[in-house]
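Atoms within a ligand are numbered from 1 in the order they appear, just like the ligands themselves. Scope of the values below: all heavy atoms of this structure, side chains included, with no hydrogens, waters or symmetry mates.
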Amino acid sequence: MTDEQGKRRGGPVRVGVLGARGRMGVEVCRAVDAADDLDLVATIDQGDDLSVAAGAQVVVDFTTPDVVMDNLRWLIDRGISVVVGTSGFTEQRLDQVRGWLAGKPDVGVLIAPNFGIGAVLMMQFAAKAARYFESVEIVEQHHPRKLDAPSGTATHTARLVARARAEAGLGPSPDATTSEVPGARGAHVDGVRVHAVRATGLVAHQEVLFGTTGETLTIRHDSYDRASFMPGVLLAVRQVPQRPGLTIGLDPLL
Ligand SMILES: NC(=O)C1=CN([C@@H]2O[C@H](COP(=O)(O)OP(=O)(O)OC[C@H]3O[C@@H](n4cnc5c(N)ncnc54)[C@H](OP(=O)(O)O)[C@@H]3O)[C@@H](O)[C@H]2O)C=CC1
Ligand SMILES: O=C(O)C1=N[C@H](C(=O)O)C[C@H](O)C1
C-alpha cells in the first residue's frame, strides 16, 4: 500500500492526522481537506482509537514528544508512511526510528523540526555563516503553551552550527562569565548557547546572532501564523511515500 500505487490507480492519497484537535492538527486537517489530490480519512486525538489510522497511506503527527515514538512504532509496523512535525527528536530517537524502518523497505518517515520555508532557509543560512564568526547564540521565542524548551528548531540549528564550527576548527564562543544566576546564559546545545522566550502573542520566532571583531550578523525568522507551515507539510505528505527510510528536514524535498 503505497502512495505510488494509489496515484497510479487514480485516487487521492489517503491521509490521517494525529493530534487533530491541536493547534497544528486543526490547520493540517483544513489544508489536507482543501487539497484535491489528498483525502482526509482519519482525524485522531488524545483518547481516540489509533486503529482508525490503519486506512491511511500517510499519517501526519503533530502530537507531543512523550507520545510520538509510540505512534511512529505503531504506524511503521503497519506499513504506513509518516510525516512528523512533533518536536523532541534526539539522535537516539532518530536511530530508533531507523531501526524500526530497517525491515520496511516501502515505508517512508519524514521528521522536520520546522516546515516553514523561511525557517528552513534560516537554518541553512546559519549553517553557512557559522564558520566566519567566533561568537554565536540562538534566541528562540514561542507562545507560552509550548511544552518543550528549547524548541526543536533551535536545537536543530544549534547542531548544524556546532557541526560547521567544528569543521572550521573553531572552539567555544568567548565568554568571561564567572558569576551567573542559573539559566541567565541559556542552555548549552552542542556547545551553543540557546535562550528560550515564552510570551502571549508570539507564535514561533528565532534569531541566530553571530559576532566577530567589529560586526554582528543576525539571521531572524518569524512565523506569525501556523498557515506558514502548511505548504511544507503538504509537500512532505505528497513526497514521503516515494522516500523510503528516514528523511530529516524538508531540505532534500526543496
Ligand atoms: N515541525 C514544525 O514545523 C512544527 C512543529 N510543532 C510541534 O508540533 C507539536 C504539536 O504542537 P501544537 O499543535 O502546538 O500542540 P497542541 O498541544 O496544540 O496539539 C497536540 C495535540 O495532540 C494531542 N495528543 C496528545 N496525545 C495524543 C495521542 N496519544 N494521540 C493523538 N493525539 C494526542 C493533544 O491532546 P491534549 O491537548 O488533549 O493532550 C493535542 O490536541 C509540538 O511538538 C510542536 O513543537 C509545532 C508547530 C510547527
Ligand atoms: O511548538 C511550536 O509552536 C513550534 N514547534 C516547533 C519547534 O519546536 O521548533 C516548530 C516551530 O518553532 C513551532
Using a 4.5 Å cut-off on heavy atoms from C-beta on, say whether the side chain of P65 contacts that of S87.
-> yes

In plain terms, say whether D33 and R30 are close enough for a salt bridge, that is, a side-chain N and a carboxylate O under 4.0 Å apart.
-> no

Do F229 and ligand 2 have an N or O pair less than 3.5 Å apart?
-> no

Of the side chain and backbone of A119, name the one, both, or neither that has a heavy atom under 4.0 Å from an atom of ligand 2.
-> neither

To the nearest 0.1 Å, how far is atom 6 (N) of ligand 1 from its closest protein heavy atom, and which atom is that?
-> G85 O, 3.7 Å

Counting both backbone and side chain atoms, is some N or O of F229 under 3.5 Å from an N or O of ligand 1?
-> no

Nitrogen or oxygen of H143 less than 3.5 angstrom from that of ligand 1 = no

Does P113 approach ligand 1 within less than 4.0 angstrom via side chain, backbone, both or neither, non-hydrogen atoms only?
-> backbone

Nearest-option assignment for atom 40 (C) of ligand 1, heavy atoms, candidates D45, T153, L147 = D45

Indicate, as side chain, backbone, both or neither, the part of T63 found under 4.0 angstrom from ligand 1 when only non-hydrogen atoms are considered.
-> both

the protein heavy atom lying closest to atom 19 (O) of ligand 1 turns out to be G22 CA, 3.3 Å

Identity and separation of the nearest protein heavy atom to atom 33 (C) of ligand 1 | Q46 N, 3.5 Å

Note: ligand 2 atoms sitting under 4.0 Å from heavy atoms of P113 are 6 (C), 9 (O), 10 (C)

Strictly under 4.0 Å, does any heavy atom of H143 approach an atom of ligand 2?
-> yes

Below 3.5 angstrom, do we get any N/O pair linking T64 and ligand 1?
-> no

Does atom 37 (O) of ligand 1 have a protein heavy-atom neighbour under 4.0 Å away?
-> no

Is there a donor in the side chain of T157 and an acceptor in the side chain of Q206, or the other way round, less than 3.5 Å apart?
-> yes

Could you tell me which atoms of ligand 1, counted from 1 in the order shown, lie closer than 4.0 angstrom to a heavy atom of R21?
-> 41 (O)

Enumerate the atoms of ligand 2 whose separation from the nearest heavy atom of A204 is less than 4.0 angstrom.
-> 11 (C), 12 (O), 13 (C)

Atoms in ligand 2 flagged as close to S151, the criterion being non-hydrogen separation under 4.0 Å | 7 (C), 8 (O), 9 (O)

Numbered in order shown, the ligand 2 atoms found under 4.0 Å of a heavy atom of N114 are 10 (C), 11 (C), 12 (O)

Under 4.0 Å from one or more heavy atoms of S87, ligand 1 contributes atoms 42 (C), 43 (O), 44 (C), 45 (O)

Ion pair check, R21 and D48, cut-off under 4.0 Å | yes

Judging by distance only, is a nitrogen or oxygen of F115 under 3.5 angstrom from one on ligand 1?
-> yes

Evaluating non-hydrogen atoms only, which member of H142, E140, H156, H205 is closest to atom 12 (O) of ligand 2?
-> H142

Answer with yes or no whether K146 contacts ligand 1, where contact means a heavy atom under 4.0 Å from a ligand atom.
-> yes

Using distance alone, determine whether N71 and ligand 1 share an N or O pair under 3.5 Å.
-> no

Cut-off 3.5 Å, side chains only: do S223 and S228 have a donor facing an acceptor?
-> yes

Taking only heavy atoms of N114, which atoms of ligand 1 are found under 4.0 Å from at least one of them?
-> 1 (N), 2 (C), 3 (O)

Any G152 heavy atom less than 4.0 Å from ligand 1 = no

Around atom 4 (C) of ligand 1, find the nearest protein heavy atom and jot down its residue, atom name and distance.
-> F62 CE2, 3.6 Å

Quick one: look up the protein heavy atom nearest atom 18 (O) of ligand 1 and list residue, atom name and how far away it is.
-> R23 N, 2.8 Å

Among R145, K146, Q206, H221, which residue places a heavy atom closest to atom 2 (C) of ligand 2?
-> K146

Hey, are H205 and E140 close enough side-chain-wise for a donor-acceptor pair under 3.5 Å?
-> no

Identify the protein heavy atom lying closest to atom 13 (O) of ligand 1, giving its residue, its atom name and the separation to 0.1 Å.
-> M24 N, 2.8 Å

List every atom of ligand 2 that sits less than 4.0 Å from any heavy atom of S87, numbering the atoms from 1 in the order shown and giving each element.
-> 8 (O)

Does CD belonging to Q92 count more than 12 external heavy atoms closer than 6.0 Å?
-> no

Which of the numbered atoms in ligand 1 are below 4.0 angstrom from a heavy atom of A112?
-> 1 (N)

